[in-house]
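Let me begin by presenting the structure, written as structure tokens, before commenting on it.
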Amino acid sequence: MKQVSLSRWLRFIIIGVGICGLIVYGMVIPMLGQAIAAYEHGVFDYCYWPWLIFIWVTAIPCYMVLVFAWKIANSIGCDQSFTAANAKYLKWISVLAIGDAAFFFIGNIVYLFLNMNHPGIVLFSLLVVFAGVAVAIASAALSHLVLKAEVLQEQSDWTI
């Protein structure tokens, strides 16, 4: 697959993920929250807005990751896959993923102590935290490998 074609596919996927995220964060989660808040004649009504704002705040790092992924896709299209800038973007993706996972976990624990959460939800949130940590580790490893590849490419460019 050519670099331009790969870049085009990556950008298409990034746009698709962004649109899916807007649908989930903008429509699915608020509707699901309203259904949960209406359960048992409004027992959980007081939890709707704090949880909705909390979930929306967790979306901010996700969209920042998409911006960095877009920049990486653009540089791949320019045949500059192994650059220090791409390694830096991957490192930022790692930091954002681990930060978002930690924020999500701590927020769930705080809401549990405020009696706005259920222990089952906290256990389920561990899956989300695990996914965030997995993304963070993978992007940190890719950052390291891209940086090493950049050094090797630079050395080979100087070799006759």
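Computed from a predicted model, the values in this text were never measured in an experiment.
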key: Residues, nucleotides or ligands: over 12 heavy atoms within 6.0 Å of Y46 OH   = yes
query = Considering all heavy atoms of both residues, which atom of L66 and which atom of G18 are nearest to each other, and what is their separation?
reply = CD1-CA, 3.7 Å
Under 3.5 Å, which donor-acceptor pairs do the side chains of residues 94-109 form with other protein atoms, sequence neighbours left out?
residue: S94; atom: OG; partner: A136; partner atom: O; Å: 2.9
residue: N108; atom: OD1; partner: N117; partner atom: ND2; Å: 3.0
residue: N108; atom: ND2; partner: F104; partner atom: O; Å: 2.9

query = Of the options Y48, W49, Y111, Y25, which is the one that meets F54 in a ring pair (Phe, Tyr, Trp, His ring centres under 6.0 Å)?
reply = Y111
query = Under the side chain to side chain contact (heavy atoms under 4.5 Å, CB included) criterion, do T83 and Q153 qualify, and how do the steps go?
reply = CA-CA 9 Å; T83 63; Q153 184 177 10; over 6 Å; no
query = Can E154 and F82 be said to form a side chain to side chain contact (heavy atoms under 4.5 Å, CB included), step by step?
reply = CA-CA 10 Å; E154 201 172 283; F82 304 115; over 6 Å; no
task = Report yes if the side chains of V4 and R8 come closer than 4.5 Å at any heavy-atom pair, otherwise no.
result = yes
inquiry  = Treating N86 as the side-chain partner and Q80 as the backbone partner, does any N or O pair qualify as donor plus acceptor under 3.5 Å?
reply    = yes
query = Which atoms form the tightest heavy-atom contact between L112 and H118, and what is the distance?
reply = CD1-C, 4.0 Å
key: Heavy-atom side-chain contact between V135 and V65 under 4.5 Å   = no
ask   = Can you check whether Y63 reaches L22 side chain to side chain, under 4.5 Å on heavy atoms?
value = yes
task = Could you pull out all residues at least two apart from I23 that satisfy side chain to side chain contact (heavy atoms under 4.5 Å, CB included)?
result = I19, V28
